Enquirer: 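Got a structure for you, questions after.
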Amino acid sequence: MKKVGFVGWRGMVGSVLVDRMKEENDFNNINSFFFTTSQVGMMAPKISNVDNVLLDAYSVKALSKMDIILSCQGGDYTEKVYLALKKENWEGHWIDAASSLRMADESVIVLDPINESTINNALNNGIKTWVGGNCTVSLMLLAIHGLLKVGAIEWVSSMTYQAASGAGANNMKELLVQMGELYSSAESEIKKTNFSILNIDKMALNKMHSSDFSKENFQVPLAGNLIPWIDQDLGEGLSKEEWKGQLETNKILMNDYEKIHVDGLCTRIGSMRSHSQALTIKLKKHYELTEINDLIKSANNWVKLVPNKKESTIHNLTPAAVSGSLDIAIGRIRRLALGDNLISAFTVGDQLLWGAAEPLRRMLQILINKDK
Ligand code: NAP
């Protein structure tokens, strides 16, 4: 059995990946080894075939014994360790959740329901670096897969509403802590039967602006607020998250679909898990709405079309509705009054599953099954 080393397994993406692998019994087909950047020598998770202590994630010697390394540790780690392994002529496969290697010539961005043939060709051509796509990109492509298949799209504007967990475990916890602090700041007024809503508002706002409000990770309040900037400032008013949307989409589509233009603004909101996106889509020609709905809902096994009605939307097209499932919900599809062949759509998917862990889990399976 292949030796597979896991790095970053206790973070947000890594722990969701381990859960999915347990659900699918994937650990039965590999020898698994768990690495850490901070807890060397401590107990590894109790999973069959596992070495029972945590190994040093910076030890090139220990890592180079692996046939496959799957990292959910983050870009800084990848930048340090991937090159060190390559220098040692390590010949194994590297699977990664971080963005650092996505645009490298030697890598493929993996999202097999969309680009399975690209993955298979790359595998046959000796490629060994497999990177999961940006979460909103992967979720959007699965949602509009049906329109991509028939080459219907000229451009897409994606305005995102991204969950706190997209920034990692500590940020997700910080959102809840912030919520608690806001509640506590106004609790005395909330509990009055003749409460003043303006007093509640003022107390919460004062708390948000106070120096003791917890914001070590987000730097600013997210609870009761939003942050219309995600990732680095690339200059010219562009965030790195927005840049990824434009470039990664077409790297994934490159060999099998027509190129599309993608742009928009990315915003962090106070949802816990699952990213949402409001899409404006310019179609190349007129399509009936029934045809658009049919194309979308039959494209893959995970897309779920939500009828554009209030009741179905508020119950089924939200982060709370899809979190923890592999469903990619898409709804609010209607013709926009702004010009010809323009439609709207709203899509929500669990960014920790299809937006991160699931494409990596499936890539690992492709590698394991290939050599069976
Ligand atoms: P994360 O939750 O911050 O975890 C990363 C590492 O932080 C863990 O492996 C762990 O490493 C360490 N860590 C420190 N304190 C921790 C704590 N209290 N709980 C858990 N882990 C803790 O990061 P992530 O969100 O999983 O992201 C990992 C990579 O995936 C990043 O490159 C990110 O950009 C990418 N990604 C994330 C998402 C997402 O939705 N979060 C989606 C797509 C891609 P040690 O055990 O070695 O200390």
Side-chain angles (χ1 to χ4, degrees), residues 11-24 72 97 111-114 132-148 156 158-169 171-172 175-176 179 222-223 226 230 241 245 249 264 266-279 281 292-293 295-334 343-362:
M12 285 281 13
V13 176
S15 47
V16 169
L17 173 82
V18 168
D19 278 357
R20 277 290 296 140
M21 290 185 64
K22 282 184 188 163
E23 262 170 41
E24 299 288 338
C72 304
L111 186 62
D112 68 276
I114 304 281
N134 170 262
C135 39
T136 48
V137 169
S138 298
L139 295 172
M140 177 186 77
L141 292 179
L142 288 168
I144 60 172
H145 192 183
L147 299 177
L148 295 168
V156 180
S158 164
M159 299 295 184
T160 74
Y161 305 78
Q162 297 181 223
S165 53
N171 294 62
M172 189 183 190
L175 171 65
L176 271 181
M179 287 173 175
L222 181 62
L226 59 77
I230 297 179
E241 189 78 353
T249 298
C266 295
T267 298
R268 182 82 63 204
I269 59 155
S271 56
M272 295 285 287
R273 178 168 168 168
S274 295
H275 290 348
S276 310
Q277 307 179 56
L279 307 178
I281 303 175
I292 292 169
N293 287 343
L295 286 168
I296 285 178
K297 74 180 178 202
S298 58
N300 58 54
N301 292 336
W302 302 277
V303 71
K304 299 281 177 290
L305 183 70
V306 177
N308 190 14
K309 301 272 185 211
K310 181 176 176 182
E311 278 307 302
S312 8
T313 298
I314 64 171
H315 291 293
N316 303 314
L317 193 58
T318 64
V322 305
S323 286
S325 90
L326 289 164
D327 291 352
I328 307 286
I330 178 165
R332 299 309 327 271
I333 297 173
R334 68 177 175 83
I343 58 164
S344 64
F346 194 89
T347 178
V348 193
D350 190 324
Q351 96 286 354
L352 291 165
L353 284 164
W354 267 120
E358 192 64 7
L360 305 183
R361 187 192 75 77
R362 291 168 67 96

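What's counted below: heavy atoms across the whole structure, side chains too, no hydrogens, waters or symmetry copies. Since we're looking at a predicted model, the values are computed, not measured. The first residue in the sequence is number 1, and the count goes up from there.
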Enquirer: Hey, could you give me the CG/CG distance between D19 and L352, rounded to the nearest 0.5 Å?
Expert: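 Answer for the CG-CG pair, D19 versus L352, is 11.0 Å.
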Enquirer: Are the side chain of Q277 and the backbone N or O of T136 linked by a donor-acceptor pair below 3.5 Å?
Expert: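 The answer is yes, because a donor-acceptor pair under 3.5 Å joins these two groups.
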Enquirer: Check whether any side-chain N or O of N300 sits under 3.5 Å from a backbone N or O of L142 as a donor-acceptor pair, and report yes or no.
Expert: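 Present.
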Enquirer: Distance from L353 atom CG to S138 atom OG, nearest 0.5 Å?
Expert: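 OG of S138 is found 12.0 Å from CG of L353.
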Enquirer: Could you tell me the separation between the OG atom of S344 and the CG atom of N308, rounded to the nearest 0.5 Å?
Expert: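 Output value for this atom pair is 6.5 Å.
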Enquirer: Flag the pair I330 / K297 as yes when at least one side-chain heavy-atom distance between them is below 4.5 Å, and no otherwise.
Expert: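 No, too far: nothing below the 4.5 Å cut-off.
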Enquirer: Count the heavy atoms belonging to other residues, nucleotides or ligands that lie under 6.0 Å from CZ of R332, then report whether that count exceeds 12.
Expert: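 Result for CZ/R332: open.
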Enquirer: State the CD-CZ distance between E23 and R361, to the nearest 0.5 angstrom.
Expert: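 It comes to 8.5 Å.
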Enquirer: Could you check whether the rings of Y161 and F346 sit parallel, tilted or perpendicular, using 30° and 60° as the cut-offs?
Expert: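 Taking F346 first and then Y161, their aromatic rings sit tilted (interplane angle of 30° to 60°).
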Enquirer: With a 4.5 Å limit on heavy-atom distance, are the side chains of I144 and T347 in contact?
Expert: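 Side-chain contact under 4.5 Å: no.
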Enquirer: Could you tell me whether a side-chain N or O of S323 sits under 3.5 Å from a main-chain N or O of R273, the two making a donor and an acceptor?
Expert: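 Yes.
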Enquirer: What are the two closest heavy atoms between V306 and S312, and how far apart are they?
Expert: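 Taking every non-hydrogen atom into account, CG1-O, 3.5 Å.
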Enquirer: What distance do L305 atom CG and I328 atom CD1 have between them, rounded to the nearest 0.5 Å?
Expert: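 One gets 13.5 Å once the value is rounded to the nearest 0.5 Å.
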Enquirer: Give the minimum heavy-atom separation between G270 and M179, together with the two atoms involved.
Expert: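 Result for this residue pair: O-CE, 3.8 Å.
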Enquirer: Under the criterion side chain to side chain contact (heavy atoms under 4.5 Å, CB included), I'd like the reasoning laid out for T160 against H275: C-alpha separation, chi angles, the key distance, then a yes or no.
Expert: CA-CA 7 Å; T160 74; H275 290 348; over 6 Å; no
Enquirer: Is the side chain of S325 donor-acceptor paired with the backbone N or O of D327 at a distance under 3.5 Å, no angle test?
Expert: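 Such a contact is found between S325 side chain and D327 backbone.
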Enquirer: Please determine whether side chain to side chain contact (heavy atoms under 4.5 Å, CB included) holds for the pair L141 and V137, giving the CA-CA distance in whole Å, both sets of side-chain angles, and the decisive distance to 0.1 Å.
Expert: CA-CA 6 Å; L141 292 179; V137 169; 3.9 Å; yes
Enquirer: Is there a side-chain contact between Q162 and Q351 (heavy atoms, below 4.5 Å)?
Expert: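 Q162 vs Q351: side chains apart.
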Enquirer: To check you understand the geometry: which heavy-atom pair defines the closest contact between S158 and L279, and what is its length?
Expert: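 Result for this residue pair: CB-CD2, 3.6 Å.
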Enquirer: Could you tell me which non-hydrogen atom of S276 sits nearest to which non-hydrogen atom of V348, and how far apart they are?
Expert: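 Smallest heavy-atom distance, with atoms named: OG-CG1, 3.6 Å.
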Enquirer: So, do M140 and N134 sit near enough that their side-chain heavy atoms are less than 4.5 Å apart?
Expert: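 Sidechains of N134 and M140: no contact.
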Enquirer: Kindly give the heavy-atom pair with the smallest separation between L326 and W302, and that separation in Å.
Expert: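 Taking L326 first and W302 second, the nearest heavy atoms are O-CB, 3.5 Å.
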Enquirer: Can you tell me how far apart CZ (R334) and CD1 (I343) are? Round to the nearest 0.5 Å.
Expert: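 Reported value, rounded in 0.5 Å steps: 11.0 Å.
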Enquirer: Could you pull out the closest heavy-atom pair between A143 and V303, with the gap in Å?
Expert: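 Between these two residues, the closest heavy atoms are O-CG2, 3.8 Å.
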Enquirer: Does M12 reach the side chain of N171, with side-chain heavy atoms less than 4.5 Å apart?
Expert: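 No, every pair of side-chain atoms sits at 4.5 Å or beyond.
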Enquirer: Report the C-alpha separation of L147 and I292 in whole Å, then their side-chain angles, then the decisive distance to 0.1 Å, and conclude whether the side chain to side chain contact (heavy atoms under 4.5 Å, CB included) test is met.
Expert: CA-CA 7 Å; L147 299 177; I292 292 169; 4.3 Å; yes
Enquirer: Would you mind reporting whether I114 and H145 have side-chain heavy atoms less than 4.5 Å apart?
Expert: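 Result yes, sub-4.5 Å side-chain heavy-atom pair found.
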